[in-house]
Enquirer: 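Handing you this structure, nothing more for now.
The analysis underlying the following values was restricted to heavy atoms, covering all of them including side chains, and did not include hydrogens, waters or symmetry mates.
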Amino acid sequence: MSEIKAPKGTRDIFAPEVHKWQYLEAAIHAYYRKFLYQEIRTPIFEHSELFSRGIGSETEVVQKEMYTFRDKADRSLTLRPENTASVVRAAIENNLFEIMAPLRFYYIGPMFRYDKPQKGRYRQFQQFGIEVFADDSPQVDAEVIFAAVDFLKKVGIVQLQLDLNSVGCPQCRPAYLQLLRQAAHAEEKRLCPDCQRKIAGNPLRIFDCKQPGCADASRAFPLIGDHLCGECRDHFAAVREALSWMNVPFHLEPRLVRGLDYYTKTAFEVTSGQLGAQNALLGGGRYNSLIRELGGPDMAGIGFAAGMERIILHLERLAAPQPRILFVAYQDPQWLAHAVQLAQALREEGYPVAVDYQGRNLKKQFKKADRLAAAFTLVLAEDEVRSGTVSVKDMASQEQSKIPLKDLNAWLKKNY
Ligand code: HAM
C-alpha cells in the first residue's frame, strides 16, 4: 500500500521543535496581557463572503489563495486565510462593542492560504495577532507597533526593520488612485500581464510586483504620501512622533502597500535581515472602514498579525528545555503495583516520571532509563518494599543511595 503523506504546504511539529512553540505561545499570552489584550478564539472556517467582503475581492488572497468548499447543505465556506475579518465578525455578532472594555483582542491559531510552499511559507501556517477597536488616536498606532517590535526583541530576534507608510483613506485615496492609474496606463507596455490587469482593479498592488519591468516602471509612479488629505497627514505625523517617544526606530517606505484591501492610514511591516525571500515577520495597519463594511458600528480598528513559523526559524538557537526525568524501576513484576503508585505520587509532586510496564528485568529497565536520559532511576526490590525505602541511582554519577520513602520528597528537592 502506498504511504500517505501530509498535504503539501503542511507540516508536523514535534519535539524538540514543539518546545519552541510552547515557549513562544506562553510568551505571547504573558506579553499581551500587559496591554490588556484578551484572547479570542474564532472558528477555523467561516462563510466565504466574510473574506471576499472583508479582505477585498480583488486581492490575491481572495482570488487565488482561499481554501473554499461547499458543505453538505451547499453553503460556501472558507478555511480562514487570516483572522482580522473573523475577529470583527465575532465582535459584531456577539455585541462585544457593548459588553467588553477595552476592545483589545489577541489570537493564536492556524490560517490557510493556497500559497506556493517554500521555507517560511506554508499552506497551513500559524499566526498570532492583536486587534484594537474603537480608538483612532495615533498613539494607539504607535503602541500597537511598539508591542509588535518589542515582543520580537523580547523573544530574542535581532536585525529587525520596521517599514512604515500611510495608505490614505476613502477621502484621499480615490483621487490618488486615478493619478496612479493614469501613470500606469502610460507605462502599460512595460508592465507584466498581471500588473496590467491590476490597473483597473487595484493599481496599488503594482508596487508589490517583483518583475524588473514593473519595479522599474513603478519607481516613477506618484506616491500616496504626496496625496494624503490633511487628516491622514496629521495622523501619520503624530504616529511617527509617538514612535519616537517610545524609542521605536522606523524606516519610511512610501511604496509599502499591504496585500489586504481593508487598510486605511497607517500600514506597517516588520522584516528580518536573517530570513531569505520570505522575510516578513509581521504586518498590519489601521482599518477604519472594515467594521462598518461588515455590518458593525462606524468604528476604528488597528492590528497586526505575525507568522509564527518565521519567528520559530529565528529561535533556532533557543535551547529546548530538557525535562529531568525520574525513572521508576522494579526488580520483579510482583513490585509493579508499588512502582506504579510511586510514579503517581512523584507526578503529583510535579516530576516527569516514566515506568516501563514491559520491563522484564532490571538490566533492560536501566537501558530504557538511559535512552530517556533519566536523571535518576528509583529501584524497588523486595528489600526496599519491606523496609519502606527506595534505592535512588544518580544516572550521571552512578552513585546509589537508599532513601526512606517518607524522606524521598525532601531528598529530591535537594538533589533533583
Ligand atoms: P498578512 O501580512 O497577510 O496580514 O500576514 C501577516 C503575517 O503572516 C506575514 O507577515 C507572515 O509573517 C505570515 N504569513 C502570511 N502568509 C504566510 C504563509 N503562507 N506561510 C507562513 N507565514 C505566512 C494579515 O494576515 C492581517 N490579518 C494582519 C492584520 C491584523 N492587519 C490588521 N490586523
Enquirer: Is atom CZ of Arg360 surrounded by more than 12 heavy atoms (other residues, nucleotides or ligands) closer than 6.0 Å?
Expert: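 It does not: Arg360 CZ has 12 such atoms or fewer within range.
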
Enquirer: Taking the inter-plane angle between the rings of His29 and Tyr106 on a 0 to 90° scale, is it parallel (under 30°), tilted (30 to 60°) or perpendicular (over 60°)?
Expert: perpendicular

Enquirer: Can you list the steps and then say if Cys192 with Cys209 is a side-chain contact (heavy atoms from CB on, under 4.5 Å)?
Expert: CA-CA 9 Å; Cys192 71; Cys209 186; 3.9 Å; yes

Enquirer: One pair to check against side-chain contact (heavy atoms from CB on, under 4.5 Å): Phe105 and Leu96. What are the steps and the verdict?
Expert: CA-CA 11 Å; Phe105 304 96; Leu96 301 182; 3.8 Å; yes

Enquirer: Parallel under 30°, tilted from 30 to 60°, perpendicular over 60°: which one fits the rings of Phe146 and Phe35?
Expert: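 Phe146 and Phe35: tilted rings.
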
Enquirer: Quiz question: by atom type and distance under 3.5 Å, do the side chains of Asp261 and Asn202 form a donor-acceptor pair?
Expert: yes

Enquirer: Does the side chain of Ser166 come within less than 4.5 Å of His235's, by heavy atoms?
Expert: no

Enquirer: Rounded to the nearest 0.5 Å, what's the gap from OH on Tyr351 to CG on Asn409? Could you check?
Expert: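 Reported to 0.5 Å precision, the distance equals 5.5 Å.
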
Enquirer: Is it the case that over 12 heavy atoms from other parts of the model lie below 6.0 angstrom from the NZ atom of Lys402?
Expert: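 Yes.
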
Enquirer: Keeping the roles fixed (side chain from Arg205, backbone from Thr59), state whether a donor-acceptor pair exists under 3.5 Å.
Expert: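 Answer holds: no.
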
Enquirer: Looking just at side-chain N and O atoms, do Glu17 and Trp21 make a donor-acceptor pair shorter than 3.5 Å?
Expert: yes

Enquirer: I want to check something: taking the side chain as every heavy atom from C-beta on, are Asn288 and Cys169 in contact at a cut-off of under 4.5 Å?
Expert: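 They are not in side-chain contact.
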
Enquirer: Heavy atoms only: give me the nearest Ala267-Arg258 pair and the separation to one decimal.
Expert: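 Looking at all heavy atoms of both residues, the shortest contact is CB-CG, 3.8 Å.
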
Enquirer: Would you say Phe97 and Ile92 make side-chain contact, with heavy atoms under 4.5 Å?
Expert: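 In short, these two side chains touch, coming nearer than 4.5 Å.
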
Enquirer: Is the count of non-hydrogen atoms from other residues, nucleotides or ligands lying under 6.0 Å from Tyr67 atom OH greater than 12?
Expert: yes

Enquirer: Minimum heavy-atom separation for Met395 to Asp370, with atom names?
Expert: CE-OD1, 3.4 Å

Enquirer: Using modelled atom types and a 3.5 Å cut-off, is there a donor and acceptor pairing between side-chain atoms of Gln161 and backbone atoms of Ser272?
Expert: no

Enquirer: How far does CD of Glu93 sit from CG of Asn95, to the nearest 0.5 angstrom?
Expert: 11.0 Å

Enquirer: Tell me, do Trp245 and Gln139 make a side-chain contact under 4.5 Å, heavy atoms counted?
Expert: yes

Enquirer: Quick check: closest heavy atoms across Ile40 and Ala90, and the distance to 0.1 Å?
Expert: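 Smallest interatomic distance, heavy atoms only, reads CD1-CB, 4.1 Å.
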
Enquirer: Could you give the distance from CG (Leu281) to CE (Met308), rounded to the nearest 0.5 Å?
Expert: 12.5 Å

Enquirer: Where the side chain of Tyr330 meets the backbone of Ala337, is there a donor-acceptor pair that is under 3.5 Å apart?
Expert: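 No, because the side chain of Tyr330 does not come within donor-acceptor range (under 3.5 Å) of the backbone of Ala337.
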
Enquirer: Less than 4.0 angstrom from a charged side-chain N to a carboxylate O is my criterion; do Arg113 and Glu82 meet it?
Expert: no

Enquirer: What distance do Leu412 atom CG and Phe376 atom CZ have between them, rounded to the nearest 0.5 Å?
Expert: 7.0 Å

Enquirer: Which class fits the ring pair Tyr37 and Tyr32: parallel under 30°, tilted 30 to 60°, perpendicular over 60°?
Expert: perpendicular

Enquirer: Please report the C-alpha distance between Phe151 and Leu24 in whole Å, then the side-chain angles of each, then the deciding distance to 0.1 Å, and finally whether the side-chain contact (heavy atoms from CB on, under 4.5 Å) criterion is met.
Expert: CA-CA 10 Å; Phe151 176 79; Leu24 182 57; 3.9 Å; yes

Enquirer: How close do Val62 and Ser57 get, heavy atom to heavy atom, and via which atoms?
Expert: CG1-CA, 3.9 Å

Enquirer: Please check this pair: side chain of Ser48 against backbone of Ser76, looking for a donor-acceptor N/O pair closer than 3.5 Å.
Expert: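 Yes, Ser48 side chain to Ser76 backbone: donor-acceptor pair under 3.5 Å.
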
Enquirer: Is the Lys NZ or Arg CZ of Arg240 less than 6.0 Å from the centre of Phe250's six-membered ring, within 45° of the axis?
Expert: no

Enquirer: To the nearest 0.5 Å, what is the distance between NZ (Lys116) and CZ (Arg121)?
Expert: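 It comes to 8.5 Å.
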
Enquirer: Between CG of Leu50 and CG of Leu77, what distance do you get to the nearest 0.5 Å?
Expert: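 It comes to 11.5 Å.
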
Enquirer: Are side-chain heavy atoms of Leu180 and Ile206 found at a separation under 4.5 Å?
Expert: no

Enquirer: Other residues, nucleotides and ligands only: do more than 12 of their heavy atoms fall within 6.0 Å of CZ on Phe45?
Expert: no

Enquirer: Can you confirm whether Leu282 sits close enough to Ile311 that some side-chain heavy atom of one is under 4.5 Å from a side-chain heavy atom of the other?
Expert: no

Enquirer: Indicate yes or no for a side-chain donor-acceptor contact from Gln341 to the backbone of His338 under 3.5 Å, with no hydrogens or angles considered.
Expert: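 No, because the side chain of Gln341 does not come within donor-acceptor range (under 3.5 Å) of the backbone of His338.
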
Enquirer: Where the side chain of Arg80 meets the backbone of Met111, is there a donor-acceptor pair that is under 3.5 Å apart?
Expert: no

Enquirer: Hey, does the side chain of Asn165 reach the backbone of Val167 with a donor-acceptor pair shorter than 3.5 angstrom?
Expert: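 Not confirmed, Asn165 side chain does not pair with Val167 backbone.
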
Enquirer: Any donor-acceptor pair under 3.5 Å linking the side chain of Asp407 with the backbone of Ile403?
Expert: no

Enquirer: Has His314 got a side-chain atom pairing as donor or acceptor with Arg310's backbone, closer than 3.5 angstrom?
Expert: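 Judged by distance alone, yes, a pair lies under 3.5 Å.
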
Enquirer: Considering only NZ, NE, NH1 and NH2 on the basic side and carboxylate oxygens on the acidic side, decide whether Lys265 and Glu231 come within less than 4.0 Å.
Expert: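 Yes, charged N to carboxylate O under 4.0 Å.
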
Enquirer: Looking at every heavy atom in both Trp411 and Ser401, which two are closest together, and how far apart are they?
Expert: CZ2-OG, 4.0 Å

Enquirer: Got a list of side-chain donor-acceptor pairs under 3.5 Å for residues 123-131, not counting sequence neighbours?
Expert:
unit_1	atom_1	unit_2	atom_2	d
Arg123	NE	Asp115	O	2.8
Arg123	NH2	Asp115	O	3.3
Glu131	OE1	Tyr287	OH	2.6
Glu131	OE2	Thr84	OG1	3.0
Glu131	OE2	Tyr107	OH	2.7

Enquirer: Is atom CZ of Arg41 surrounded by more than 12 heavy atoms (other residues, nucleotides or ligands) closer than 6.0 Å?
Expert: no

Enquirer: Hey, is CD on Gln398 packed in by over 12 heavy atoms from elsewhere, all under 6.0 Å?
Expert: yes

Enquirer: Taking the six-membered ring for Trp, are Phe366 and Phe327 closer than 6.0 Å centroid to centroid?
Expert: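 No - the distance between ring centres of Phe366 and Phe327 does not fall below the 6.0 Å cut-off.
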
Enquirer: Do Phe236 and Leu252 pass the side-chain contact (heavy atoms from CB on, under 4.5 Å) test, and can you show the C-alpha distance, the side-chain angles, and the key distance before you say yes or no?
Expert: CA-CA 11 Å; Phe236 195 36; Leu252 288 178; 3.8 Å; yes

Enquirer: Side chains of Leu164 and Ile145: does their closest heavy-atom pair fall under 4.5 Å?
Expert: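 A side-chain contact under 4.5 Å exists here.
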
Enquirer: Side chains of Trp335 and Leu342: closer than 4.5 Å at any heavy-atom pair?
Expert: no

Enquirer: Indicate yes or no: does Lys153 engage Asp150 in a salt bridge with an N to O separation below 4.0 Å.
Expert: no

Enquirer: Would you say NZ of Lys363 has more than 12 non-hydrogen atoms from neighbouring residues, nucleotides or ligands within 6.0 angstrom?
Expert: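 It does not: Lys363 NZ has 12 such atoms or fewer within range.
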
Enquirer: Do you know which two heavy atoms are closest between Gly303 and Phe268, and how far apart they sit?
Expert: O-CZ, 3.9 Å

Enquirer: Give a yes or no on whether the backbone of Gln334 and the side-chain of Asp332 come within a donor-acceptor separation of less than 3.5 Å.
Expert: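 Yes, Asp332 side chain to Gln334 backbone: donor-acceptor pair under 3.5 Å.
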
